[in-house]
Asks: 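Below is a structure I'd like to ask you about.
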Amino acid sequence: MTTEIKDLVYIGGIVVAVAGSHFMLRARVMVLEERIKGYSEAMKRIFESLSRIEEKLDGKADK
């Protein structure tokens, strides 16, 4: 079995392409995780605001 230089270049190119796509996908996942984290914090703030409004309305209904 003989390997030529073009075969080594081809295998090297495949390795570089797979590694590059792996790191690009990993970066995209990290960005999506940060977005989800931000959205969950925003939803938490919204629910806190709604609960405060509900408490105020309950207090006014008692009067």
Asks: Quickly, which of E34, E33, R35 forms a side-chain contact (heavy atoms from CB on, under 4.5 Å) with V31? Name it, please.
Replies: R35
Asks: I'd like to know whether S21 forms a side chain to side chain contact (heavy atoms under 4.5 Å, CB included) with M24, so could you lay out the CA-CA distance, the side-chain angles of the two residues, the decisive distance to 0.1 Å, and finally the verdict.
Replies: CA-CA 5 Å; S21 65; M24 287 297 292; 5.6 Å; no
Asks: Side-chain contact test, heavy atoms from C-beta onward, threshold under 4.5 Å: evaluate it for S40 versus M43 and give yes or no.
Replies: no
Asks: Just how far is it from atom OG of S51 to atom NZ of K56, taken to the nearest 0.5 Å?
Replies: 10.5 Å
Asks: For atom CD1 of I5, is the number of surrounding heavy atoms from other residues, nucleotides or ligands below 6.0 Å larger than 12?
Replies: no
Asks: In the structure I gave you, are the side-chain heavy atoms of E54 and L50 within less than 4.5 Å of one another anywhere?
Replies: no
Asks: Find out if a path of hydrophobic residues (ILVMFWY) with successive side-chain heavy-atom gaps under 4.5 Å connects Y10 to V18.
Replies: yes
